[in-house]
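Both counts, for ligands and for their atoms, begin at 1 and track the order of listing.
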Amino acid sequence: MAEGEDIGLDDLGTGAEVAQVVRRIARVARDLSKRIARGPLEGHGATRGENSDGDTQKALDLIADEAFAAALTDSPVRWYASEEREEVAALNSAGALALAIDPLDGSSNIDTNVSIGTIFSILPAEEDPLTSVLRPGTDQLAAGYVIYGPQTALVLTLGKGTSVHVLDPETGRFEQVAAQLEIPAASSEFAINVSNYRHWGAPVRAYIDDCLAGDTGPRAKNFNMRWIASLVAETHRIVSRGGIFLYPADARRGYERGRLRHVYECAPIALLIEQAGGAATDGCDRILDRVPQSLHERTPFVFGTADKVHRVAAYHDLPHEEVAALFGRRGLFRQ
Ligand SMILES: O=P(O)(O)OC[C@H]1O[C@](O)(COP(=O)(O)O)[C@@H](O)[C@@H]1O
Ligand SMILES: [Mg+2]
Ligand SMILES: [Mg+2]
């Protein structure tokens, strides 16, 4: 891929190789954003098959995956691990980096004109492809997402804060609009797919019960609920105005470890959330400390404003009688 065309992102303040990979991802994202904006005019909503995880693949999932892989073949990326591929693919044998990517997140929303995104994680490459990506999220050299919404924006961490870069469609450049994001502490929004309520464990039910009870419950304040079913869009809302996101484990078959994938969804989002002052756990433990065992492994995922995330962990530590009690009788957390 030509490096010449101006994409912005000039002074990333990181090593040349990581910066080159980020810029190439941004170039593909810029092209993708145009295709996404054309919507049905591109005819890309059609279902094409299933990925390794059994999820329905849209044509645009595959187009995005091919475009990122093609753009990175002669880059410093040695190993390319994608949601859309069963195995880690080999790109440049001389490359020093590994890339894990969800080329298109929330693609079930394409037809509905809701914001979707690309999530990526850049890691050091080891000799073995899987060893390169099955490691703690603290090893990430960079992580980010691109949101394709009313604005196309890149939210990026290089391990020292989280920055936001908005694509100017007039110039084709990503312009930095925030150098150091801080997730707002005060927020009364929570995001969870409440249709799964009956399948959740007692601690998650208790946490949500107490939010739903509003100013009549132990939290003594009213909350608002959001669910876009597009992880990147939920993340963007939370980095912009705080709140909490939960996709917990539940009792449905296949959801014993939740829905979201550790390597290319949760680990990169966890890093950029922490770098923006927030927290990310599997309900109890820090996501970035977990070592995944397989490429497409799932994990329960809770992230957002730090004190809210820690409160969810505290519900998991409550004695069973306390957590199973109706909110009216739950003593702890009563303000
Ligand atoms: O439909 P559900 O169960 O609410 O799940 C929604 C979640 O699934 C996802 O769409 C999964 O991502 P993909 O679209 O990449 O498979 C997330 O973006 C979203 O948070
Ligand atoms: Mg996804
Ligand atoms: Mg996807």
Side-chain angles (χ1 to χ4, degrees), residues 25 28-29 32 36 44-45 47-69 80-86 99-121 143-149 155 189-200 204 208 225-239 243-270 272-273 280 282 287 295-304:
I25 290 170
V28 175
L32 270 178
I36 292 165
H44 51 46
T47 296
R48 283 294 160 84
E50 281 190 356
N51 66 16
S52 53
D53 226 18
D55 290 342
T56 303
Q57 284 175 315
K58 295 285 176 87
L60 206 54
D61 283 320
L62 301 175
I63 290 168
D65 176 58
E66 290 296 333
F68 285 113
Y80 176 84
S82 165
E83 179 188 18
E84 304 306 333
R85 297 174 187 227
E86 187 95 38
L99 177 78
I101 190 163
D102 179 350
L104 215 52
D105 175 73
S107 56
S108 63
N109 289 309
I110 291 172
D111 308 339
T112 65
N113 202 7
V114 160
S115 298
I116 54 179
T118 294
I119 310 171
F120 62 91
S121 163
Y145 66 80
V146 179
I147 182 166
Y148 310 104
V155 179
E189 288 181 339
F190 66 93
I192 191 165
N193 185 341
V194 126
S195 68
N196 299 320
Y197 180 95
R198 69 191 186 285
H199 304 298
W200 300 333
V204 172
I208 297 300
M225 200 203 81
R226 300 279 179 248
W227 190 248
I228 309 173
S230 181
L231 178 61
V232 167
E234 317 272 11
T235 307
H236 207 67
R237 185 190 61 253
I238 286 173
V239 297
I244 186 168
F245 170 99
L246 306 94
Y247 208 122
D250 68 53
R252 288 173 295 163
R253 191 203 294 252
Y255 286 77
E256 299 82 1
R257 301 276 313 149
R259 175 185 167 102
L260 298 170
R261 277 57 60 104
H262 180 99
V263 172
Y264 42 78
E265 292 183 315
C266 303
I269 286 182
L272 59 86
I273 287 288
D282 63 1
I287 286 288
L295 174 56
H296 300 289
E297 176 177 307
R298 296 170 189 246
T299 178
F301 196 29
V302 177
F303 71 88

I'd like to check Arg85 versus Tyr80 (side-chain heavy atoms, cut-off strictly below 4.5 Å). Are they in contact? yes
Atom CG of Asp102 and atom CD1 of Ile269: how far apart are they, to the nearest 0.5 Å? 8.5 Å
Atoms of ligand 1, numbered as shown, that sit under 4.0 Å from any heavy atom of Trp227: 4 (O)
Atoms of ligand 1 less than 4.0 Å from Tyr247 heavy atoms? 2 (P), 3 (O), 4 (O), 5 (O)
Please work out which of the three classes, parallel, tilted or perpendicular, describes the rings of Trp227 and Phe245, given edges at 30° and 60°. parallel
Quick check on side-chain contact (heavy atoms from CB on, under 4.5 Å): which of Pro103, Ser107, Ser82, Ser108 does Asp61 satisfy it with? Ser107
Working to the nearest 0.5 angstrom, can you tell me the gap between Asp250 CG and Asn193 CG? 9.0 Å
Compute the shortest N/O to N/O distance between Arg259 and ligand 1 and return yes if it is under 3.5 Å, no if not. yes
Confirm or rule out an N/O/S atom of Glu83, from backbone or side chain, lying less than 2.8 Å from the Mg ion (ligand 3). yes
Just which atoms of ligand 1 are under 4.0 Å from any heavy atom in Asp105? 11 (C), 12 (O), 13 (P), 14 (O), 15 (O), 17 (C), 18 (O)
Looking at Glu265 and Ile119, would you say the former's side chain and the latter's main chain have a donor-acceptor pair under 3.5 Å? no
Taking a cutoff of less than 4.0 Å between a non-hydrogen atom of the residue and any ligand atom, is Glu234 in contact with ligand 1? no
Counting from 1, what ligand 1 atoms have a heavy atom of Glu265 closer than 4.0 Å? 11 (C), 12 (O), 15 (O)
Closest to the Mg ion (ligand 2), among the N/O/S atoms of Asp105, is atom OD1
Within the stated cut-off of 2.8 Å, is an N/O/S atom of Pro103 closer than that to the Mg ion (ligand 3)? no
Within 4.0 Å of some non-hydrogen atom of Leu231, the atoms of ligand 1 are 17 (C), 18 (O), 19 (C), 20 (O)
Does Tyr247 reach the side chain of Asn196, with side-chain heavy atoms less than 4.5 Å apart? yes
Angle, OE2 of Glu265 through the Mg ion (ligand 2) to OD2 of Asp102 - 10° precision: 100°
Check for me whether Ile228 has a heavy atom closer than 4.0 Å to any atom of ligand 1. no
With a cut-off of 4.0 Å, which atoms of ligand 1 are near a heavy atom of Asp102? 15 (O)
Any sub-3.5 Å donor-acceptor pair from Ser115's side-chain atoms to Ala233's backbone N or O? no
Which residue holds the protein heavy atom closest to atom 4 (O) of ligand 1, what is that atom called, and what is the gap in Å? Asn193 ND2, 2.8 Å
For Ser107, take its heavy atoms, then give the atoms of ligand 1 lying under 4.0 Å from any of them. 14 (O)
Yes or no on side chain to side chain contact (heavy atoms under 4.5 Å, CB included) for Ile192 and Tyr197, after CA distance, side-chain angles and deciding distance? CA-CA 9 Å; Ile192 191 165; Tyr197 180 95; over 6 Å; no
Drop me the distance from Leu260's CG to Asp282's CG, to the nearest 0.5 angstrom. 12.5 Å
Is there a donor-acceptor contact under 3.5 Å from the side chain of Asp105 to the main chain of Leu231? yes
Flag Gly106 as yes when one of its N or O atoms lies below 3.5 Å from any N or O atom of ligand 1, and as no otherwise. yes
Which of the numbered atoms in ligand 1 are under 4.0 angstrom from any heavy atom belonging to Arg261? 11 (C), 12 (O), 13 (P), 15 (O), 16 (O)
